[in-house]
Amino acid sequence: MGKRYNHKKIEKYWQKHWEAKKFWRAQDFSSKKKYYALVEFPYPSGEGLHVGHVRTYTAIDAIARFRRMNGHNVLFPIGFDAFGLPTENFAIKNKIHPRLATRSNIKIFTRQLKSLGLSFDWSRAVDTTDPLYYKWTQWIFLQLYARGLAYRAEIPINWCPNCKTGLANEEVVNGRHERCGTEVVKKLIKQWLIKITKYADRLIDDLRMVDFPERVKTQQINWIGKSEGAEIEFPLAGHFNFVLLHGYTGSAKKNFFPWLKTALEKRGYRVIAPELPHSSRPVEKEQVEFVLKNVKFDENTIILGHSLGGPVAVKAVERLSTRVAGLVFAGGFLEPKFKDHPRPYEKDFVWRFNLKEVRKKVGFVKVLSDRNDYAVPVEQGEKLARGLAGEFFAVESQEPHFTSDQEPAILEHLVPKVKTFTTRADTLFGATYLVLAPENPIVASYLAMRRSGSGVWNLKEAAAYVERAMKKTDISRTAEEREKTGVELKGLRAKHPLTGRTIPIWVADYVLASYGTGAIMAVPAHDERDFVFAKKFKLPILQVIKPPSVDSRDDLPPPSAVGRHDIDLEAECWTGEGTLVNSGKYTGSDSVQARKKIALDLQAQGLGRPAVSYKLRDWIFSRQHYWGEPIPIIYCDHCGAVPVPEKDLPVLLPNVKHYEPTKSGESPLAAIKSFVNTNCPACARPARRETDTMPNWAGSNWYFIRYTDPKNAKEFAARNKLEYWMGQQSLDAAASFRSPKGVGGVDLYNGGMEHTTLHLLYSRFIYKFLFDQKLVPGPEPYAKRTSHGVILGEDGRKMSKSFGNVINPDQVVAEHGADTLRLYEMFLAPFGQMVPWDTRGVLGARRFLDRVWRVYHEKPIRRGGGELSAAADKTERAEELERLLHKTIKKVTADLEDMKFNTAVSALMILINKFDENVAEVTSKQLEIFLLLLAPFAPYLAEELWRNLGNKKSVHLESWPRYEEALIAEQMLKIPVSINGRVRDVILVPADLTQNEIENQALNSPKIEAHIAGKTILRRVYVSGKMINFVVE
RNA sequence: GCCUUGGUGGCGGAAUUGGCAGACGCGCUGGCCUUAGGAGCCAGUGGGGAAACCCGUGAGAGUUCGAAUCUCUCCCAAGGCACCA
């Protein structure tokens, strides 16, 4: 016996050796073709490496090694995605600071990863919690902010009561937090959001450019949920009149005032726009009294206050004895804090207001703030809206501070109306009522008025319903057997835009605030949900679509007795296409055509427009937790939200003792005075830092970019390195590695399906954004995406501590070696497939490696070789061996290109078995080639045996072997002979025989003769070299 | 309900893409060797049958000389979405 296969010794030795020789370093700008292979970097949890990590990393490692041996300059990096809740929770539980927990977990992961013989370039490792890294995560956030893609809004968000944090839509699964399983509740919080919705279309369309699995593409497309339809406006019924109040240095004849007056009058409204006295030196008393004296207010009056006209309007309402319908502010404010110079009138006004009193007298309140306002910070508008329980809108006006001669946003918000979204504009004439989501701001706005007036008169009932609906979790909202509930806003009615009829307005939680406009036109005759609702509340049902007659429809069986020409509105609704009826001038037209026509006609009248809606929502980017990147924003009373200047990045996460989440839902950072208090970068006055942190996905958005230039202190990555690694694809790569349209980016990115609508979507979005800023060289980050299958426990359940079925890779490595573990996981099942762990299977892999070891060290054990020793046999066996070797090269090469690792390993097993049977005949050249093929899978053993064969250079620096087609060709062919499609015999014929000769030989076979005897051959089918078939009768 | 991917021995899975179904591995059966074995070696292993042969890739139909593979209908499983107007 030679020495035993001692995996421990071998693996320890070569791991050290490779590391010392810096084997796996990627070269920037090598003349070789680049190949960027990427695996999702791990989250360094306290649990250590999972056998699932081993599966994906080994697979991509094999590809990386294969590419290197094929002459590529391979970038195969690794890093750690270390911010986030799991570490924070681990830290709190074990009373260890997250920073230390992260450090020790990374250490463990690093040791484990290194033991596996993965050819990562460790010199490029990144850690998202490293300030040198997250400086650029913050920088990217500021780029988004600068482009208006990061904004703050107070919206009801998903809140996890257990983790005490807000969650992204994508982190909520079936109404529960995906990480902890707690039921998610709604909470109204001021949040940072990222406008991923702006990229929705491109995120769908550009999937055409990339090579992703079908299930990944469809999942992303469904998640984005694009549907095309129309927005249709239903003006509120009522004889409204408008009062327009201009501001400081303004005039009813300046800016947008004349335009707005004309536009409103054209719609049939009465408009008064008084010229306020002394507009360049306004005095409160004088202006307010002027207004009260010269304008008549009533319950149908809607007041617009532009700029200083806002405070004037509020003061006027304070003193009114009557109620008014609405109050709209454009660029309004209630305290004299401006971004630029002080105003002369500051002392001529009393900046105190009785907002409660005002609110009682006003039907609805809307506040419009201009994002680019030069004087009034958006925060002032928000404060105003809060004070008056009104709706707030941050808009971009035509000229800053709404000073253009046309300001459509003002007109848009001034006229009270309900905006609905529908995909079935063709059913508009069948809309018999409107439904608002409980969260729709219109609802709150009307309910905020304490007493009835121009508003709702069943206030109590409506308010109670809304309150109940808002408290419900998403689970209970959908769980209650989908029983529809709702309440009518009695007193409010809307005007049908085409018929002019007035229809009731309801509030019901089957309408979602977050989709479309948060309001629908209900067409009970042609929508299942509306139908059920209308039935329950006895609302009118009006048919406007006539289904096609049975004869013209092919989706139904032919009519048995009576054709189905109409629907029975008592029992059902018709949601399909058809011909319009009861639809004015559209009656008789086809529903598909009418859909477009109606949308365009409405647009011409300013009552609607074709519109697209998405299920995708803007990405909630705030987390009220300690262990994340601080959001680099500073709040100043005068300047509003100010980005931290680039030179001050990174905003360091303070090192503190207490990092537990707070009960109030505020970030723990809010309690740290030394962090919060700072000075405004713009005006240097005292200011406060944002205390929310970024979600865990922020750091992983762009890590693959950083790998191209991980140490760069000046840029997030140097342009030329990005271009080299992320630019156009190397075109001569094997077919399956090539991206279809050469989009460039990472050549191969493997990751889990669970990230499809999270990390994968987010990072595609961010990359597109960076591409638009000309910061990265392509539109898509990943040319090809693959997804590994999950490894289950031996019991077929998910591996989990609570099931006690977790396999620790360390133990397998210790017992059988990393090569065994790698080989086992590659052989286990097709890479993309879910599969249970099988401990005995590990032994099978180990036995294979033992056999390899034996073939290279021992005399033949099998006696097969000893008995047959005739010279002719020997030559024959040698030829067969050589043929199998070349077949194996071909097979393993093709399988690696297709990522069919399991069959590649199987081919290696077949070959080593053949070697074992014929040890005496195996040449050293053949032994070498086998090791080259084995190297990507079992790098340690291949290297050891390679050196034992006398090679000085590493097997991993060798070239991948080539096969010769000529050597693969068999000289003798085994041809199955079938009669009527059933195989009856297999004949052995020389490969160069003609069809005729083969047929004759087949017919000579006794078995075939027996089957044909007494029958006639009708047909002969011969597939060259494959088979022969006789059709007989 | 909709979308995606699948369904092949006792188990994980092969099948050059329409041409010998079950490669390779696990397990199992019998034998050899061994103080011992998660070791090694030999033989066998889809079902039925003594054999010839018959039956077999979720079910049923179809196309074809020939179907696990293509077409249609249905069933089941996993994953995703789900009151999305």
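Letters A, B, ... are given to chains in the order of the sequence lines, protein chains preceding strands, and every chain is numbered from 1. These numbers come from a predicted model, not from an experiment.
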Rounded to whole Å, how long is the line connecting atom [atom1] of [X] with atom [atom2] of [N]?
X        : N     : atom1 : atom2 : result
A/Trp837 : B/C11 : CH2   : P     : 21 Å
A/Tyr963 : B/U16 : OH    : P     : 16 Å
A/Lys217 : B/G79 : NZ    : C1'   : 19 Å
A/Asp895 : B/U16 : CG    : P     : 11 Å
A/Leu849 : B/A39 : CG    : C1'   : 15 Å
A/Phe212 : B/U4  : CZ    : P     : 18 Å
A/Leu908 : B/G25 : CG    : P     : 12 Å
A/Asp850 : B/C41 : CG    : C1'   : 15 Å

Would you mind checking if A/Lys891 and A/Asp895 are paired as a salt bridge, meaning a charged N to carboxylate O distance below 4.0 Å?
-> yes

Is a salt bridge present between A/Asp795 and A/Arg797, judged by a nitrogen-to-oxygen distance below 4.0 Å?
-> yes

B/U16 glycosidic torsion: syn (within 90° of 0) vs anti = anti

For B/G37, does the O4'-C1'-N9-C4 (purine) or O4'-C1'-N1-C2 (pyrimidine) torsion place it in syn, i.e. within 90° of 0, or in anti?
-> anti

Need one value for [X]: base, sugar-phosphate or nothing, where a base atom within 4.0 Å counts as base even if backbone is also close, heavy atoms only.
X        : result
A/Gly516 : nothing
A/Ser227 : sugar-phosphate
A/Arg840 : sugar-phosphate
A/Pro830 : sugar-phosphate
A/Ile520 : base

Does A/Lys217 make a cation-pi contact with A/Phe212, if we ask for NZ or CZ under 6.0 Å from the ring centre and within 45° of the axis?
-> no

Given RNA chain B, 5'-ward residue of the pair A/Thr423 and A/Ala845, judged by closest heavy atom | A/Ala845

Between A/Gln219 and A/Tyr515, just flag the one whose closest nucleotide in RNA chain B comes earlier from the 5' side.
-> A/Gln219

Please pick, from [options], the nucleotide with the shortest atom-to-atom distance to any side-chain atom of [X].
X        : options            : result
A/Arg854 : B/A85, B/C3, B/G40 : B/G40
A/Asn913 : B/G25, B/U4, B/A85 : B/G25
A/Met909 : B/G25, B/G13, B/U4 : B/G25

Work out how far the [atom1] atom of [N] is from that of [M], and round it to whole angstrom.
N     : M     : atom1 : answer
B/G10 : B/G27 : C1'   : 7 Å
B/A78 : B/G12 : P     : 15 Å
B/C26 : B/C76 : C1'   : 27 Å
B/U57 : B/G7  : P     : 14 Å
B/G22 : B/C11 : C1'   : 13 Å
B/C24 : B/U45 : P     : 12 Å
B/G6  : B/C55 : P     : 30 Å

How about [X] and [Y]: do any of their side-chain heavy atoms sit closer than 4.5 Å?
X        : Y        : result
A/Lys615 : A/Trp223 : no
A/Arg595 : A/Thr423 : no
A/Leu761 : A/Leu616 : yes

Can you check nucleotides 52-55 of chain B for protein contacts, nitrogen or oxygen pairs under 3.5 Å, and list what you find?
from	atom 1	to	atom 2	distance (Å)
B/C54	OP1	A/Arg984	NH2	3.1
B/C54	OP2	A/Arg984	NH1	3.0
B/C55	OP2	A/Arg982	NH2	2.6

Does the B/C83 base have a donor-acceptor partner in the side chain of A/Lys484 within less than 3.5 Å?
-> yes

All side chain to side chain contact (heavy atoms under 4.5 Å, CB included) counterparts of A/Pro213, not counting sequence neighbours | A/Arg215, A/Val216, A/Arg785

Can you spot which of A/Glu965, A/Glu970, A/Glu964 makes a salt bridge (Lys or Arg N to Asp or Glu O under 4.0 Å) with A/Arg883?
-> A/Glu970

Its contact letters, B for base, S for sugar-phosphate only and - for none at protein heavy atoms under 4.0 Å, make nucleotides 18-23 of chain B read -BB--B

The side chain to side chain donor-acceptor pair (under 3.5 Å) partners of A/Asp618 (sequence neighbours excluded) come to A/Tyr151, A/Thr197

Tell me which donor-acceptor pairs under 3.5 Å the side chains of residues 975-989 of chain A have, and how far apart each pair is, sequence neighbours excluded?
from	atom 1	to	atom 2	distance (Å)
A/Ser978	OG	A/Ile1028	O	3.2
A/Ser978	OG	A/Asn1029	OD1	3.1
A/Asn980	OD1	A/Val1032	N	2.9
A/Asn980	ND2	A/Val1032	O	3.4
A/Asp985	OD2	A/Ser1005	OG	2.7

Base-pairing string, 5' to 3', of RNA chain B - Watson-Crick or wobble, under 3.5 Å, | interstrand | (((((((..(((......[....)))((((((.......))))))(((....)))..(((((..]....))))))))))))....

Those residues at least two apart in sequence (or on a different chain) that pass ring pair (Phe, Tyr, Trp, His ring centres under 6.0 Å) with A/Phe848 are none

Set of ring pair (Phe, Tyr, Trp, His ring centres under 6.0 Å) partners for A/Phe537, sequence neighbours left out | A/Trp506, A/Phe533

Name each donor-acceptor pair under 3.5 Å that joins a side chain in residues 1006-1026 of chain A to protein atoms two or more places apart or in another chain, with its distance.
from	atom 1	to	atom 2	distance (Å)
A/Thr1016	OG1	A/Glu1033	O	3.3
A/Arg1020	NH1	A/Glu999	OE1	2.9
A/Tyr1022	OH	A/Gly1025	N	3.0

Below 4.0 Å: OP1/OP2 of B/C24 and any side-chain N or O of A/Arg851 | no

Phosphate contact (B/G79 OP1 or OP2) by A/Arg215 side-chain N/O below 4.0 Å = no

Residue pairs meeting salt bridge (charged side-chain N to carboxylate O under 4.0 Å, His left out), one or both in residues 901-914 of chain A, sequence neighbours left out, come to A/Glu880-A/Lys914

Relative to the ring of A/Phe937, is the ring of A/Phe901 parallel (under 30°), tilted (30 to 60°) or perpendicular (over 60°)?
-> perpendicular

Set of residues satisfying salt bridge (Lys or Arg N to Asp or Glu O under 4.0 Å) with respect to A/Arg609, sequence neighbours excluded = A/Glu231, A/Glu233

Identify all pairs in which a protein N or O lies below 3.5 Å from an N or O of nucleotides 36-38 of chain B, and state each distance.
from	atom 1	to	atom 2	distance (Å)
B/G38	N1	A/Glu815	OE2	2.8
B/G38	N2	A/Glu815	OE2	3.2

State, without any angle test, whether A/Asp201 and A/Tyr614 hold a side-chain donor-acceptor pair at a distance under 3.5 Å.
-> yes

